[in-house]
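See structure below.
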Amino acid sequence: MIRAILLLTGFLTVFGSLKAQHRQVLLGDSLYRHYSYAKAVKHYEKALKKVDDPIHVHERLANCYYKLRDYDQALTQYEQAISGSKDWSEESRWNYLHVQRSAGNDEAVRKYVAEWASLNKELAGSVSTGIQAEYLYFIDSAAFEVTLTVVNTDRSEFAPAYYQDGLVFASSRKEGNASSKKYHWDGGYYLDLYYAPLKGGPSVAPTPVGANTTFHDGPLAFYDNDRKVIFTRNEPGKSRDGLRTLMLMHADVLPNGSWVNIEELSLNDPGYSLSHPAITADMKRLYFVSDMPGGHGGTDIWYSERSGDHWGQPVNMGPEINTAGNEMFPYLRGDEFFFASDGHPGLGGLDIFIAEEIGKKAFMIRNAGYPLNTSRDDFGLITRNGREGFFSSNRAGQDDIYSFIRDKTLVDIFYVDEKDQSLDSVSTEKEGRKIMPTGDRTHLLLPVNSVTGLHASRENYADTAFSIETGDEFYLARTIPMRYALDRGLVDIYPIASEGRVDFYLGLPEKLVYADEAGHWERDLDIVRIEDMPDFNMLQNISKILDQNGFDVVVKDTISAVFFDFDKHVIRSREKTNLDRLISLLDRYPASGVVVSAHTDIRGSNAYNDKLAERRAISTRDYLIANGISSERITMHFYGERKLWIECSKCTEEEHQLNRRAVFGVNKEE
C-alpha cells in the first residue's frame, strides 16, 4: 500500500553470513529484499524446521509478519529471536517495541527502551513519554462514538477525502480494480480510487473513480469546489533500488466526474516519493509527504507555495511537526492542521495529532486521544466541522475507514484561592451530582455548543456558582477563583466613591453591594444597619467596619477581567457578564473613567503580541462604546506579553489562558 511504501526509508539491513545458509533461507532473503513479504513467509516457515541457528529466520519472519500487520504472529517470532537481540537491526527493535505496545505490554517496552542504547534518542524519549502520559489520551474517550463504515472489505480501505456528497478513498479490493496484477508486498491487488455516496446506505456499492492505472493510485485532495484534484500515483519507472516511488499528479474534474488534463507536478523526482496532498482553501499552498533529502527522519511533511501555475521549492515544516519518525496524511480545517505520526508521544504506531500554529513554524500539538487513536496505526482524519468525520485505522487487522462523531467537549476546571494558589478537594456539582477532582483538575465532558451551570463547594470557602460555555472545541480549560469565607464571607472593595457611597463587590460576582450616607449597606437585597458609619471615602475605615462585622476584606486595584481565546481578539459571549458589570458601575458614576489594559500569553513574537494586545484593547473599548460609555472616558494600554499574570517558560494551556486577558481599573471621581 502507499502508506507502507513511504515507510521504507532505511528499511533494508544487510545481515552477516549465517552459520547455515539453507536454500529456503536464501529464497526467503531474496524475496525479503524485494519486499515480497507474503511469499517470503512461506520459505522462512519451512526453513525453521531445517536450520541449525534459527535466530536470523525468526527475526526476518517477525519483520515479515509485522509488514503484513499480523502483530500477534510477529510478537511470537520476535520472542523466539529475543535471545539474539544484540544483533538485531534498529528497525527490528522498533517493530518489536511496536507489537509489544500493541499487545499492551508497556513494562516490556520500558525495559528494552532502557536497555537498547542504540535506539534513536528522540524516538526512545517519545515512546517513554507516550507510556507515561497514556492516561491523558483516554480522558475524553466518552466524547466520541466511532463506527466502522460500510465501504470496507477484507482488503485495505483508507485515506478518505470529501467529494461532492460522498467520499473518495483508496482500496486494494478486487471489484472494479483496473488491473489483475498482484502487489508483491502482501499478495493483494494494487490500490485504486473509489467513490461512495454518504447517503444511500449499505446497498450503494462504491464505484471506481478518476483515472486508475495498473499500479498504485491513492491519497488525494480535491479543491476549487471539487473541480480540481491532486492525487498520488506510482512513478512509471523504477528507482535504483527496484521500487516504484510515488509522485503527485494534477487533473481537472468535469461535472460528470471524469478527470482530464492529467499531468505530473513539477515537484516530482524519481529519486524519492511525494504523496498525501493537502491544499489550503485559497489554493496557494500545497502540503505533501516525502522522504526527500533534508528531512528529520523517515517521512516528513513539506509544503510548496504556488506562484501562477508553478509550485515553488519544497519547504520542510520543521522539527515541531516532523520528528525522527514518520509524519504523514496532512489535512487542513480552518486554523487546525491534522496529521499522523509515530514520532510524537502517543499510544503506539501512527497516531492522529492536531496542531495549531502559534507563530512562524511554532505549533501547539495535541494527541487526538482514544478512541480516534489506538496502539495500532490510526491516520488520515478528515472533518468538515470538527465534530464529525472519517479516519483510517488498522486496529482490526487491516486498513479500514471509520466514522466518528464528537458530541461532547472535554473541560478541565482548576480552582484557585485569592492568592492564585491551587485548591484541592473542591466538589463540583453538575445536575445534582458531585464530581471530585483528579489531581489538580476536575474533568468534565460537556455537550458541544452548550452553556452548563455548575456549583463548586469546599470547606471554609464560599460556595461558587458559575457556568461553562462550549463551542466546537475539542478541549477547554477554565480557572475558577474561590473566596475564603469563614463566618460571613469575603468582600472585595474597589476604590470607587461618590456622594458618600462606596461600591464593593462580594464573592458572588453577580451581586453589586453599596453603602449610603444613611449608614445602610445592601447585600442580596437585604438592608442591614451598620452603627457609627465613618467617612465613606476612607477605605481603611470601611475595611475596619466590615472586619468588625465578620467580613474578610481585600482592597482591589482592578474591577474585573475578561479572557480571550488563543490568537483571538473577539469578546467571547461568556465574558460579557464582567463587561456588563463594569458598564453598570460606570453608569452609576458618570464622572469616573476606566483604564483598559490588554495582554497576551508568551507564544508568538513580541511585535506580534503587541499588535494582538492592541486589538484586544480595541475590541473591549468598542464593546463599552456600543453600550453607552463615552470614548473620552476610556484609556487603553496594551502590554503584549510584558506583564504576565503567570510567569512561566513552559506554560500549561491553563497558564496561557490566564495571561490572555484584559483588565480594568476604574478611576475614582474627584
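Every heavy atom of this structure was used, including side-chain atoms; hydrogens, water molecules and symmetry mates were not. Model, not experiment: these values are computed from the prediction.
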Quiz item: To the nearest 0.5 Å, how far apart are CG in Asp417 and CE in Met482?
Solution: 10.5 Å
Quiz item: Within the side chain of Asp463, is there an N or O that forms a donor-acceptor pair under 3.5 Å with the backbone of Ser457?
Solution: no
Quiz item: Can you name the residues that form a side chain to side chain contact (heavy atoms under 4.5 Å, CB included) with Thr280, not counting sequence neighbours?
Solution: Asp282, Arg285, Tyr287, Leu332
Distance-only donor-acceptor pairs under 3.5 Å for side chains of residues 419-426, two or more places apart:
residue, atom, partner, partner atom, Å
Asp424, OD1, Arg458, NH2, 3.0

Quiz item: Donor-acceptor pair, Ser450 side chain versus Thr452 backbone, under 3.5 Å?
Solution: no
Practice problem: List for me each residue that meets side-chain hydrogen bond (donor to acceptor under 3.5 Å, both in side chains) alongside Arg366, sequence neighbours excluded, and say none if there are none. | Solution: none
Quiz item: Does a donor on one side chain sit under 3.5 Å from an acceptor on the other, for Thr442 and Tyr415?
Solution: no
Quiz item: Within the distance-only criterion (no hydrogens, no angle test), does the side chain of Arg406 pair as donor or acceptor with the backbone N or O of Ala143 below 3.5 angstrom?
Solution: no
Quiz item: Quick check: does any side chain N or O of Asp351 sit under 3.5 Å from a backbone N or O of Asn373, one acting as donor and the other as acceptor?
Solution: no
Quiz item: Is the shortest heavy-atom distance from the side chain of Arg603 to the side chain of His656 under 4.5 Å?
Solution: yes
Exercise. Could you tell me whether Tyr137 and Tyr370 have their ring centroids closer than 6.0 angstrom?
Key: no
Quiz prompt | From Phe329 atom CZ to Phe338 atom CZ, the distance as rounded to the nearest 0.5 Å | solution = 15.5 Å
Quiz item: Side chains of Phe144 and Ile405: closer than 4.5 Å at any heavy-atom pair?
Solution: no
Exercise. Could you tell me whether the side chains of Tyr608 and Asp567 share a donor-acceptor contact shorter than 3.5 Å?
Key: yes
Quiz item: Should we count CD of Glu145 as having more than 12 external heavy atoms under 6.0 Å?
Solution: no
Quiz item: Parallel, tilted or perpendicular for Phe337 and Phe363, by the 30°/60° rule?
Solution: tilted
Quiz item: Which of parallel (below 30°), tilted (30 to 60°) and perpendicular (above 60°) describes Phe353 and His344?
Solution: tilted
Quiz item: Looking only at heavy atoms, what is the nearest atom pair of Ala598 and Ala613, with distance?
Solution: CB-O, 3.1 Å
Self-check item: Test of ring centre spacing under 6.0 Å for His276 and Phe379
Solution: no
Quiz item: Minimum heavy-atom separation for Asn367 to Gly346, with atom names?
Solution: ND2-CA, 3.4 Å
Quiz item: If you round to the nearest 0.5 Å, how far is CD of Gln657 from CZ of Phe563?
Solution: 7.0 Å
Quiz item: Hey, are Ser341 and Glu327 close enough side-chain-wise for a donor-acceptor pair under 3.5 Å?
Solution: yes
Practice problem: With rounding to the nearest 0.5 Å, note down the distance linking CD1 in Ile646 to SG in Cys651. | Solution: 8.5 Å
Quiz prompt | Arg616 side chain vs Lys568 backbone, donor-acceptor pair below 3.5 Å | solution = yes
Quiz item: Taking the side chain as C-beta and beyond, is there a heavy-atom pair between Ile321 and Ile365 under 4.5 Å?
Solution: yes
Practice problem: Scan Val411, Thr409, Leu410 and name whichever one has a side-chain contact (heavy atoms from CB on, under 4.5 Å) with Tyr475. | Solution: Leu410
Quiz item: Taking Ser619 for the side chain and His569 for the main chain, is one N or O donor matched with an acceptor at less than 3.5 Å?
Solution: yes
Practice problem: Return yes if some donor-acceptor pair links the side-chain N/O of Arg227 with the main-chain N/O of Asp224 below 3.5 Å, else return no. | Solution: yes
Quiz item: Donor-acceptor pair, Thr470 side chain versus Asn449 backbone, under 3.5 Å?
Solution: yes
Self-check item: Salt-bridge present (Glu653, Arg660; N to O < 4.0 Å)
Solution: yes
Quiz item: What are the two closest non-hydrogen atoms of Glu641 and Asn606, and how far apart are they?
Solution: CD-OD1, 3.2 Å
